[in-house]
Chemist: 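This is the structure, below, for whatever I ask next.
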Amino acid sequence: MFCNLQSLEIMSVMPNSATFMAQAMNVDNPHRETFHKFFECWICNQNSYLEELVSVSNNHNPTENDDVVLIPLIERVVRHYEQYYHVKSNWEKRDAISMFSPTWRS
């Protein structure tokens, strides 16, 4: 389920998870997607954030002021999680039955 190299290459041309979900939940969109597809996109973004966090952590120097780099990154990661729970909540309201059998977790 997690992103492989091919998924990351696809992500370079795919919209981010927020854009993807906005398009996916549009009732008038003939290409309406599932929460599963949103989750795949979201997890790829999450892996990218994880790589950034690990990189910053590995290059962290306690004597320098890393707040300029750390604070915006941490805020992006927190917003990313907030987005996930917001979208999941909205999707549950629209299609609760599909949320009881989460194919995106299998």
Side-chain angles (χ1 to χ4, degrees):
M1 170 50 157
F2 291 97
C3 296
N4 55 28
L5 182 58
Q6 182 181 14
S7 297
L8 291 174
E9 290 170 359
I10 291 170
M11 281 303 298
S12 66
V13 294
M14 286 181 69
N16 68 27
S17 54
T19 303
F20 182 86
M21 202 59 211
Q23 293 169 352
M25 298 219 30
N26 183 352
V27 177
D28 298 328
N29 183 355
H31 304 291
R32 197 167 158 221
E33 298 293 342
T34 63
F35 186 82
H36 175 95
K37 298 230 183 205
F38 161 77
F39 184 77
E40 287 177 346
C41 186
W42 185 89
I43 203 74
C44 284
N45 288 339
Q46 182 61 19
N47 286 336
S48 175
Y49 287 139
L50 177 60
E51 289 175 13
E52 282 185 73
L53 287 167
V54 169
S55 174
V56 168
S57 174
N58 289 339
N59 297 319
H60 177 69
N61 185 346
T63 60
E64 293 179 13
N65 184 2
D66 287 340
D67 289 352
V68 174
V69 174
L70 288 173
I71 290 174
L73 177 57
I74 292 167
E75 288 174 348
R76 277 198 320 267
V77 171
V78 169
R79 278 193 312 270
H80 188 65
Y81 273 96
E82 289 172 343
Q83 176 212 12
Y84 170 78
Y85 287 107
H86 174 75
V87 168
K88 185 176 178 186
S89 173
N90 286 342
W91 200 273
E92 288 169 345
K93 293 172 188 168
R94 296 184 71 140
D95 188 10
I97 292 174
S98 71
M99 301 305 282
F100 287 115
S101 56
T103 58
W104 63 92
R105 297 295 296 162
S106 57

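Computed over heavy atoms, backbone and side chain alike; hydrogens, waters and symmetry mates excluded.
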Chemist: Tell me, please, which residues at least two apart from Y81 pass side-chain hydrogen bond (donor to acceptor under 3.5 Å, both in side chains).
Modeler: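 side-chain hydrogen bond (donor to acceptor under 3.5 Å, both in side chains) check on Y81 returns Q46.
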Chemist: For W42 and H80, run side chain to side chain contact (heavy atoms under 4.5 Å, CB included): C-alpha distance rounded to whole Å, both residues' side-chain angles, the deciding distance at 0.1 Å, then the answer.
Modeler: CA-CA 8 Å; W42 185 89; H80 188 65; 3.0 Å; yes
Chemist: Honestly curious: do Y49 and I71 fall in one hydrophobic cluster under the side-chain, below-4.5 Å linking rule?
Modeler: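 No, because Y49 and I71 fall into different hydrophobic clusters, even though each may have its own neighbours under 4.5 Å.
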Chemist: Which residues end up grouped with V54 if you chain together Ile, Leu, Val, Met, Phe, Trp and Tyr wherever their side-chain heavy atoms are less than 4.5 Å apart?
Modeler: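 Grouped by the 4.5 Å side-chain rule, L50 form the rest of the cluster around V54.
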Chemist: Could you tell me the separation between the CD atom of Q83 and the CZ atom of R76, rounded to the nearest 0.5 Å?
Modeler: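 These two atoms lie 13.5 Å from each other.
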Chemist: Give the ring-plane orientation class for F35 versus W91, where under 30° counts as parallel, over 60° as perpendicular and anything between as tilted.
Modeler: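 Ring orientation, 0 to 90° scale: tilted.
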Chemist: For residues V68 and V78: do they belong to one hydrophobic cluster (side chain heavy atoms under 4.5 Å, members Ile, Leu, Val, Met, Phe, Trp, Tyr)?
Modeler: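 Per the 4.5 Å side-chain linkage, V68 and V78 are not co-clustered.
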Chemist: Rounded to the nearest 0.5 Å, how far apart are CZ of F39 and SG of C44?
Modeler: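 If we round to the nearest 0.5 Å, F39:CZ and C44:SG are 10.0 Å apart.
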Chemist: So if I apply the side chain to side chain contact (heavy atoms under 4.5 Å, CB included) rule between N90 and each of K88, R94, K93, which one comes out positive?
Modeler: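 For N90, the side chain to side chain contact (heavy atoms under 4.5 Å, CB included) test succeeds with only one of K88, R94, K93, which is K93.
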